[in-house]
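In this text the structure is predicted, and so the values were computed from the model without any measurement. Counting convention: from 1, in listed order, for ligands and their atoms alike. Just so you know, these numbers use all the heavy atoms, side chains as well, and skip hydrogens, waters and symmetry mates.
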Amino acid sequence: MNILILYDTVFGNTKKIAEAVADGFSAAKAKVRLIHAGEAVPTDVATADLVVVGSPTRAFRPTAATMKAVKNPLFDFTGKKFAAFDTRIDPEEIKSGFFRKIVTSFGYAADAIEKTLLKRGAVKIAEAHPFIVTGDQGTVLRKRETETAFDWARTLLANAGSR
Ligand SMILES: Cc1cc2nc3c(=O)[nH]c(=O)nc-3n(C[C@H](O)[C@H](O)[C@H](O)COP(=O)(O)O)c2cc1C
């Protein structure tokens, strides 16, 4: 199976998760390419059997580069298997109840990635996976998130094979 992971990152955490997912695929002997969302070309998508897209959540949304990639009319996502992930702050860590309510109700990066790819005819093979960052701006990955990301690759492979 040929897997493409498209990611964006600001502080580096989403990249670390993307790398851990890629390591998980490699460990399972799958062929994987890890490409920044802004650097992908149409053949990257065309030759992939499974596309995994990950972005930091910034103001309840994916980054501009992520959205540009999933909306790129030159990328043919029709019938393409996909799964989304994002990095985000744990709402439990937000002290202000008001702000917590806003963050949880306005959504996360993976929601918009999924919505866009589904609209473009891609086939979701797994629930989107959130990975948690900590600190005020979310600059530090929570412990063991990379291990979780590594293991998630196995689930994705199993799902992709059976659908
Ligand atoms: C300007 C800004 C906006 C953010 N907005 C959100 C948000 O709406 N929801 C959330 O859970 N985290 C939010 N965060 C935390 C980011 O999700 C976190 O910094 C990011 O996941 C880290 O990933 P990266 O290291 O790949 O950039 C925001 C952080 C910044 C700096």
**Student:** Taking everything shown except Glu127 itself, do over 12 heavy atoms lie less than 6.0 Å from its CD?
**Tutor:** no
**Student:** What protein heavy atom sits nearest atom 21 (O) of ligand 1, and how far away is it?
**Tutor:** Thr87 OG1, 2.6 Å
**Student:** To check your reading of the model: name the closest protein heavy atom to atom 17 (O) of ligand 1, its residue, and the distance in Å.
**Tutor:** Thr57 O, 2.7 Å
**Student:** Looking only at protein heavy atoms, which one is nearest to atom 29 (C) of ligand 1, and how far off is it?
**Tutor:** Gln137 O, 3.5 Å
**Student:** Go through ligand 1 atom by atom and flag the ones less than 4.0 Å from a non-hydrogen atom of Val133.
**Tutor:** 18 (C), 21 (O)
**Student:** Looking only at protein heavy atoms, which one is nearest to atom 31 (C) of ligand 1, and what is the separation?
**Tutor:** Arg58 NH1, 3.3 Å
**Student:** Nearest heavy atom to atom 22 (C) of ligand 1: which of Gly107, Gly138, Pro91 does it belong to?
**Tutor:** Gly138
**Student:** For residues Gly161 and Met1, report the shortest heavy-atom separation together with the two atoms involved.
**Tutor:** N-CE, 4.4 Å
**Student:** By number and element, which atoms of ligand 1 are closer than 4.0 Å to a non-hydrogen atom of Thr9?
**Tutor:** 24 (P), 25 (O), 26 (O), 27 (O)
**Student:** Quick check: does Pro56 get an N/O under 3.5 Å from an N/O on ligand 1?
**Tutor:** no
**Student:** To which protein heavy atom is atom 11 (O) of ligand 1 closest, and what is the distance rounded to 0.1 Å?
**Tutor:** Ile89 N, 3.0 Å
**Student:** When you measure from the side chain of Arg33 to the backbone N and O of Asp44, does any donor-acceptor pair fall under 3.5 Å?
**Tutor:** yes
**Student:** Would you mind listing which atoms of ligand 1 come within a distance below 4.0 Å of any non-hydrogen atom of Arg88?
**Tutor:** 11 (O), 17 (O), 21 (O)
**Student:** Would you check if the side chain of Thr14 reaches a backbone N or O of Val10 as a donor-acceptor pair within less than 3.5 Å?
**Tutor:** no
**Student:** Distance under 4.0 Å to a non-hydrogen atom of Phe60: what atoms of ligand 1 satisfy this?
**Tutor:** 7 (C), 8 (O)
**Student:** Do Val52 and Phe25 touch side chain to side chain, with heavy atoms closer than 4.5 Å?
**Tutor:** yes
**Student:** Can you confirm, on distance only, whether ligand 1 has an N/O atom lying under 3.5 Å from any N/O atom belonging to Lys15?
**Tutor:** no
**Student:** Please state which protein non-hydrogen atom is closest to atom 5 (N) of ligand 1 and give its distance, to 0.1 Å?
**Tutor:** Ala59 N, 2.8 Å
**Student:** Could you name each residue pair satisfying ring pair (Phe, Tyr, Trp, His ring centres under 6.0 Å) that touches residues 115-138, not counting sequence neighbours?
**Tutor:** Phe85-Phe131, His129-Phe131, His129-Trp152
**Student:** Under 3.5 Å, side chain of Lys80 to main-chain N/O of Val51, donor-acceptor pair present?
**Tutor:** no
**Student:** Taking the six-membered ring of Tyr108 as reference, does the NZ or CZ atom of Arg88 fall below 6.0 Å from its centre and within a 45° cone about the axis?
**Tutor:** yes
**Student:** Nearest heavy atom to atom 27 (O) of ligand 1: which of Phe11, Tyr7, Tyr108 does it belong to?
**Tutor:** Phe11
**Student:** Ile3 versus Leu157: any side-chain heavy-atom pair under 4.5 Å?
**Tutor:** yes
